[in-house]
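The structure appears right after this line, and notes come after that.
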Protein chains: 2
Amino acid sequence: MSRTPGRVPALPPTLADVAEVAGVSRQTVSNAVNNPDLLRADTLQRVQEAIDSLGYSPNRAARNLRTRTSHLIGLRFAPAQEGTANALMDRFVHSLVETSSAAGYHVLLFPGDPQDPTTGYDDLLRSTAVDAFVATDTYLGNPQAAWLESRRAPFVAFGRPWDNPGAGHPWVDVDGAAGTQVATEHLLSRGHERIAWIGWRKDQVIGEDRRSGWTRTMRSHGLATTGLASRSDDTVASGREAAAVLLDEAGPTGFVCASDTLALGVMHTLADRGMVPGRDVAVVGFDDSQVAQVVPPGLTSVRQPLEEVAVEIVRALEGLLGHPPERAEGVLLAPELVVRGTS
Amino acid sequence: MSRTPGRVPALPPTLADVAEVAGVSRQTVSNAVNNPDLLRADTLQRVQEAIDSLGYSPNRAARNLRTRTSHLIGLRFAPAQEGTANALMDRFVHSLVETSSAAGYHVLLFPGDPQDPTTGYDDLLRSTAVDAFVATDTYLGNPQAAWLESRRAPFVAFGRPWDNPGAGHPWVDVDGAAGTQVATEHLLSRGHERIAWIGWRKDQVIGEDRRSGWTRTMRSHGLATTGLASRSDDTVASGREAAAVLLDEAGPTGFVCASDTLALGVMHTLADRGMVPGRDVAVVGFDDSQVAQVVPPGLTSVRQPLEEVAVEIVRALEGLLGHPPERAEGVLLAPELVVRGTS
DNA sequence: ATGAAAGCGCTAACAA
DNA sequence: TTGTTAGCGCTTTCAT
């Protein structure tokens, strides 16, 4: 007897149920699922029919317990900052879900205390709830990566280990400087020469990286950058103020910004002054957020190839979790410019 | 002997390891974790110390296998439509992650084929990978809810069962008509009388619901709606066209829109004509997306209380998964208007 | 208040 | 190629 029949709610069928129906041992059913090559064709078919007729799927918990894996990838899900244009996470998470699903993994979301970036990881790790993590926001001073390494936790970072170039973990990142370089060259090709930069405060490595793309492009074209750069918080209000000051003091005809949020700030200032973006002054943002796509007249922006990022991350993850584990190299991807009405 | 020491990588400590250190049986350790009241104070403390010193966390897979639960909530994660302003999902998912985590659940994301809304559910269900689902996009004709009910899958819907008011599953939704009513009343109080509506095509129940809030408010103020309404796809381009036609043919001084995306379309048309939103014509959107928050001069919009939605959903979920299960009533929450520069 | 025994459903290792 | 045995780490049941 396999299970009391007719009981409600019926328990899902098990390996043993399938084995009984197919007239084979449980191990043979297991092999049919995991190593079908081992079975004789006719046996496989018989087992397969039993599986289908019962609607059998292996119980995850049992499999996880036995194999010491969960096929779950942990991702700390911090909220998008309200009032910024930065909805990268949404696009990235979707790509990651798609890609990892194709590789047999699901994504487990857990909350993180914004104050303590390591919150949540420890418990999932110790309870072996996930096989690995994808760590985002691995900017300078963020202890996540170092902490995970110290715990020997398998993880791939979305973001370079800025403060530790020789870090032992795999990472995938987007080349911000290359992005702002393309953006700056785009404005140059449109005839602009006085191109201003609005970026973040100096302690933001990512911002400095993006800024360097602007700087080097201007220099390589023999153009001065003095007085054309501004640093501020990543808010619309800050971008707005910075743009006003730059327009008054340096009279730029184009702006390259470290984020769409800042670019929106520029557009606010232009609106304040009755200027039309794309006609009077060019504006380029960074991230190709939804805002860039819908704001009139369309914000030209540097788009991160998040789909590729997800693919590379999952590739690295598969290496890490393979037998034997293989540590992937860091991968740096190039963003591309999406040209719209503001330039 | 509990475990070969010094082996790399070390396996996480188990109940047995803790028991050995604390000098008690495994069962007592289990009780210390799950039913601390059963232990004598000094025993509990000894066990607790052993747990802390070893850094023990119960193995999830083992616990899941034994208890037939996973403490995982499945959420189908479809991507935000590119080119629309609609990034509700991001905010909602975050709220859900926070809230369900507080209740001891994690959120498992799985991809869904946009063509077949039931993809993914079946496998997770049969493999007992999740305890329950949160189903979104349960609009008319979406077979998710009916399918899940037929499978006796525990789930809570974010969205009313429009086509089946007596549906047996718990749901949480936001009162769209109340939202557009507040939006319309707001414009009325600002002195507008010719207030246009731009919504979705007629087969979108949610759109019809939102429209009804505008209709009834106009009527209750003795104002005509004829010629002031337009239906279109939920894209910026459609909203833009609809606004142009309405401005030409009906000369409204204010627009209430079924989405921020459509409202952005209106703003495009205003920009095309050199009109200033908020000064020449008022615009109100729906969803309070990031776009609404950052676009100049700030888009007045109806904000869905997603944090509350998440709280109610988790509450219903806990009922569903409790012993005995309790089926929660449907919950309808009121949105609020966020007033910005466009009105 | 604590312990012993059994078993959740699966797969690794080995035997036939 | 298929079957048998053992055990992953935990909790439920029952005994002490």
Side-chain angles (χ1 to χ4, degrees), chain A residues 1-4 7 10-48 50-51 54-71 126-129 131 323, chain B residues 1-4 7 10-48 50-51 54-71 126-129 131 323:
Chain A
M1 187 204 80
S2 64
R3 199 72 62 76
T4 315
R7 269 262 296 282
L11 292 171
T14 72
L15 215 53
D17 298 326
V18 177
E20 193 180 324
V21 168
V24 297
S25 74
R26 298 182 320 174
Q27 184 54 36
T28 300
V29 180
S30 175
N31 284 336
V33 173
N34 300 308
N35 303 89
D37 307 345
L38 295 181
L39 299 207
R40 225 174 39 214
D42 61 325
T43 316
L44 179 57
Q45 192 189 334
R46 228 172 53 244
V47 175
Q48 195 58 55
I51 287 176
L54 291 175
Y56 169 77
S57 267
N59 178 299
R60 289 260 187 181
R63 175 178 275 182
N64 293 350
L65 175 59
R66 187 62 241 234
T67 61
R68 297 176 185 283
T69 63
S70 65
H71 284 266
R126 294 193 311 185
S127 59
T128 63
D131 290 347
H323 302 284
Chain B
M1 184 207 80
S2 64
R3 199 72 60 77
T4 316
R7 268 262 294 283
L11 292 171
T14 72
L15 214 53
D17 298 326
V18 177
E20 193 180 324
V21 168
V24 295
S25 76
R26 299 183 322 175
Q27 184 49 38
T28 300
V29 180
S30 177
N31 283 336
V33 173
N34 300 307
N35 302 88
D37 306 345
L38 295 180
L39 300 209
R40 225 173 41 212
D42 60 325
T43 317
L44 179 57
Q45 191 187 335
R46 228 172 52 244
V47 174
Q48 196 55 56
I51 287 175
L54 290 175
Y56 169 78
S57 267
N59 178 300
R60 290 260 187 180
R63 175 177 275 183
N64 293 350
L65 175 59
R66 188 61 239 235
T67 61
R68 298 177 186 281
T69 64
S70 64
H71 284 264
R126 295 195 308 186
S127 59
T128 62
D131 290 347
H323 301 285

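Here is how names work: the chains are called A, B, and so on, in the same order as the sequence lines, proteins then strands, and each is numbered from 1. For clarity, every value in this text was computed on a predicted model and none was experimentally measured.
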Who are the side-chain hydrogen bond (donor to acceptor under 3.5 Å, both in side chains) partners of [X], not counting sequence neighbours?
X	answer
Asn64(B)	none
Arg63(B)	Asn34(B)
Ser127(A)	none

(message) Arg26(A): which residues meet the salt bridge (Lys or Arg N to Asp or Glu O under 4.0 Å) condition with it, sequence neighbours left out?
(response)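 For Arg26(A) there are no salt bridge (Lys or Arg N to Asp or Glu O under 4.0 Å) partners, ignoring immediate neighbours.
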(request) With sequence neighbours excluded, tell me which residues meet salt bridge (Lys or Arg N to Asp or Glu O under 4.0 Å) with Asp42(B). (result)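 By the salt bridge (Lys or Arg N to Asp or Glu O under 4.0 Å) rule, Asp42(B) matches Arg40(B).
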(message) Leu44(A): which residues meet the side-chain contact (heavy atoms from CB on, under 4.5 Å) condition with it, sequence neighbours left out?
(response)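 With sequence neighbours excluded, Leu44(A) shows a side-chain contact (heavy atoms from CB on, under 4.5 Å) to Ala32(A), Pro36(A), Leu39(A), given in chain and number order.
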(message) The criterion is side-chain contact (heavy atoms from CB on, under 4.5 Å); which residues satisfy it with Asn35(A), sequence neighbours excluded?
(response)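 Partners of Asn35(A) under the side-chain contact (heavy atoms from CB on, under 4.5 Å) test: Asn31(A), Leu38(A).
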(message) Under 4.0 Å, counting only non-hydrogen atoms across every strand here, what does Leu39(B) touch: a base, just sugar-phosphate, or nothing?
(response)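 Sugar-phosphate: the residue Leu39(B), judged by heavy atoms under 4.0 Å, touches backbone atoms but no base.
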(request) Remember a base hit wins even if backbone is also touched, and classify Asn34(A) as base, sugar-phosphate or nothing at under 4.0 Å, heavy atoms. (result)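 Since only primed, P, OP1 and OP2 atoms lie under 4.0 Å of Asn34(A), the category is sugar-phosphate.
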(message) Closest approach to the side chain of Arg63(A), judged atom by atom: which nucleotide of dG3(D), dT11(C), dG9(D) is it?
(response)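 That would be dT11(C).
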(message) From the set dC8(C), dC10(D), dT2(C), return the single nucleotide nearest to any side-chain atom of Arg68(B).
(response)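 So the nucleotide nearest the side chain must be dC8(C).
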(message) Let me test you: for the helix from dA1(C)-dT16(D) to dA16(C)-dT1(D), what is the angle between the axes at its two ends (five pairs each), rounded to 10 degrees?
(response)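 The helix from dA1(C)-dT16(D) to dA16(C)-dT1(D) shows an end-to-end axis angle of 30°.
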Can you give me the N/O atom pairs linking the protein to nucleotides 12-16 of chain C at distances under 3.5 Å, or say none if there are none?
| unit_1 | atom_1 | unit_2 | atom_2 | d |
| --- | --- | --- | --- | --- |
| dA12(C) | N6 | Gln27(A) | OE1 | 2.8 |

